[in-house]
Amino acid sequence: MVDLGHGVRFDGVQPVFILGPCVIESEDFVWDMARRIKAIADELGLRWVFKASYDKANRTSGKSYRGMSLEEGCGILAAIGKELGVPVTTDVHSPEEATRAAEWIDFLQIPAFLCRQTDLIEAAGRTGRAVNVKKGQFLAPWDVKNIGDKLLSVGCTNFVFTERGTTFGYQNLVADMRSLYWMRELGYRVVMDATHSVQRPGGQGTTTGGDGKLAPVLARAAVAAGVDGVFIETHVDPSKALSDGPNQIPVSDLKGLLSQLLRIHEIAKE
């Protein structure tokens, strides 16, 4: 079992949904998104985590919007978590950021491009917070065991791995549902990132493209495969999002998709 606090845990009984926009576009924006998602989650009885990055450090272009400072962003997320009674998560990019963010954040996320950075992995593991490691686009599913061993070496047992697609030629990813099975066979809790798995990295020249209409397809397939959680980025208007717009799901579609996923889960666990 992986416990995130606020009564949310990965225990195989019910999927955990990691939901929110890609990046904190403004304080008002992220509060509005959190409240919209909470209303849906409460109605459906979900176990969920609110996500938003304070800094998108791996943007395609140096001119792209990144976000805000760690202190400001994590402070906002912590306030959301406290008021709404939900765990919060965000990316961290260095050992120093992991240590500092852990003062506010329940669930530290290691970006896929950084998943083999030993100092970062170990620093996150030492914080005492739960850790989510995005599986690198360049890794085989069974390669995550080495990452798991790094976390265990510093006494961290509260971690999950997230599948987010595998590089398949230039500017394309493929989501292999076998990966979910193989990582779970290693004894880990596994999440499916439905929205980042449909990215086309750098596909628009100075920004990343994607096939957002396929994200619900991957989410449904993952739940049918028996995944422990689903990661979905959502936005009021993805066409106006400051990061990863082509991959995010309109929040107006979120309730219908989550309802489907809960029904699929009930069938799959029979």
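What you see is a predicted model, and the numbers here were worked out from it, not measured in a lab.
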Requested in this report: Answer with yes or no after comparing the ring centroid distance for H235 and F29 against a 6.0 Å cut-off, counting only values under it.
Outcome: yes
Query raised in the report: Under the side-chain contact (heavy atoms from CB on, under 4.5 Å) criterion, do E83 and R35 qualify, and how do the steps go?
Result: CA-CA 10 Å; E83 179 170 313; R35 289 175 175 132; 3.2 Å; yes
Query - Verdict with supporting geometry, S53 and D91, side-chain hydrogen bond (donor to acceptor under 3.5 Å, both in side chains) - result: CA-CA 6 Å; S53 295; D91 300 304; 2.4 Å; yes
Query raised in the report: Under a 4.5 Å side-chain heavy-atom rule over Ile, Leu, Val, Met, Phe, Trp and Tyr, are V23 and F107 clustered together?
Result: no
Query raised in the report: Does the side-chain contact (heavy atoms from CB on, under 4.5 Å) test come out yes or no for L44 and S259, once each step is laid out?
Result: CA-CA 7 Å; L44 297 179; S259 297; 3.4 Å; yes
**Report entry** Whether F159 and Y188 hold their rings parallel, tilted or perpendicular, with breakpoints at 30° and 60°
**Finding:** tilted
Report summary line: When rounded to the nearest 0.5 Å, the distance separating CG of L19 from OG1 of T234 is 8.0 Å
Query raised in the report: So do I76 and W31 actually touch side chain to side chain, heavy atoms under 4.5 Å?
Result: yes
Query raised in the report: Going by atom types alone, do T162 and N132 pair a side-chain donor with an acceptor below 3.5 Å?
Result: yes
Query - Minimum heavy-atom distance between V198 and A215, given as atom pair plus value - result: CG1-N, 3.8 Å
Query raised in the report: What's the shortest heavy-atom distance between Q137 and L173, and which atoms?
Result: CG-CD2, 4.0 Å
Query raised in the report: Can you check whether V13's main-chain N or O pairs, donor with acceptor, with H265's side chain at less than 3.5 Å?
Result: yes
**Report entry** Short side-chain to backbone donor-acceptor contact, K51 and C22, under 3.5 Å
**Finding:** yes
**Report entry** In one Ile/Leu/Val/Met/Phe/Trp/Tyr side-chain cluster, 4.5 Å: V131, L186
**Finding:** yes
Query raised in the report: Does a sphere of radius 6.0 Å around CZ in F168 hold more than 12 heavy atoms from other residues, nucleotides or ligands, not counting ones at 6.0 Å or beyond?
Result: no
Query - Residue pair M33 / E25, side-chain heavy-atom distance below 4.5 Å - result: no
Requested in this report: Check the pair T195, Q248 against side-chain contact (heavy atoms from CB on, under 4.5 Å), reporting the backbone distance first and the verdict last.
Outcome: CA-CA 6 Å; T195 42; Q248 297 191 66; 5.5 Å; no
Query raised in the report: Are V30 and F17 connected in the hydrophobic side-chain network, where two residues link if heavy atoms are under 4.5 Å apart?
Result: yes
Query raised in the report: Is there a side-chain contact between I121 and L151, using heavy atoms and a 4.5 Å cut-off?
Result: yes
Query - Polar side-chain atom of D11 near backbone of M1 as donor-acceptor pair, under 3.5 Å - result: no
Report task. Taking all non-hydrogen atoms of both residues into account, name the closest pair between M68 and D55 and its distance. Result -> O-CB, 4.1 Å
Query raised in the report: If you round to the nearest 0.5 Å, how far is CZ of R36 from NZ of K255?
Result: 14.5 Å
Query - Side-chain touch P250/P238, heavy atoms, less than 4.5 angstrom - result: yes
Requested in this report: For L84 and K38, work out which heavy atoms get closest and say how close.
Outcome: O-NZ, 3.4 Å
Query raised in the report: In the single-linkage hydrophobic clustering (I, L, V, M, F, W, Y; side-chain heavy atoms under 4.5 Å), do L46 and V2 co-cluster?
Result: no
Query - From I24 atom CD1 to S243 atom OG, the distance as rounded to the nearest 0.5 Å - result: 12.0 Å
Query - side chain to side chain donor-acceptor pair (under 3.5 Å) contacts touching residues 115-130 (sequence neighbours left out) - result: T118-K150
Query raised in the report: Between the main-chain N or O of V191 and the side-chain N or O of D228, is there a donor-acceptor pair closer than 3.5 Å?
Result: no
Requested in this report: Taking all non-hydrogen atoms of both residues into account, name the closest pair between R220 and Q260 and its distance.
Outcome: NH1-OE1, 3.2 Å
Query - Nearest-0.5 Å distance that lies between atom CG in D42 and atom CH2 in W48 - result: 8.0 Å
Report summary line: Distance col, row E43:CD vs L258:CG, nearest 0.5 angstrom, shows 11.0 Å
**Report entry** Donor-acceptor contact present, side-chain D106 to main-chain V88, <3.5 Å
**Finding:** yes
Query - Test item: K134 side-chain N/O and E163 main-chain N/O as donor-acceptor pair under 3.5 Å - result: no
Query raised in the report: Is it true that M192 and V133 fall in one hydrophobic cluster, defined by side-chain heavy atoms closer than 4.5 Å?
Result: yes
Report task. Taking the side chain as every heavy atom from C-beta outward, state whether I105 and Y54 have any pair of such atoms under 4.5 Å apart. Result -> no
**Report entry** Step-by-step side-chain contact (heavy atoms from CB on, under 4.5 Å) determination, E233 to N247
**Finding:** CA-CA 8 Å; E233 288 190 337; N247 310 296; 5.9 Å; no
Query raised in the report: With side chains defined as the heavy atoms from C-beta onward, is the minimum distance between S197 and F231 less than 4.5 Å?
Result: no
Report summary line: dist L218:CG -> R164:CZ (nearest 0.5 Å) comes out at 12.0 Å
Report summary line: Per side chain to side chain contact (heavy atoms under 4.5 Å, CB included), T89 is matched among L108, I18, L77 by I18
Report summary line: Heavy atoms of A194 and I232 approach each other most closely as CB-CG1, 4.5 Å
Query raised in the report: Within a strict 4.5 Å, meaning less than it, do heavy atoms of the T99 and E96 side chains meet?
Result: no
Requested in this report: Determine whether I147 and F161 make a side-chain contact, defined as any pair of heavy atoms from C-beta on separated by less than 4.5 Å.
Outcome: yes
Tell me which donor-acceptor pairs under 3.5 Å the side chains of residues 139-146 have, and how far apart each pair is, sequence neighbours excluded?
from	atom 1	to	atom 2	distance (Å)
D143	OD2	A140	N	3.1
K145	NZ	D149	OD2	3.1

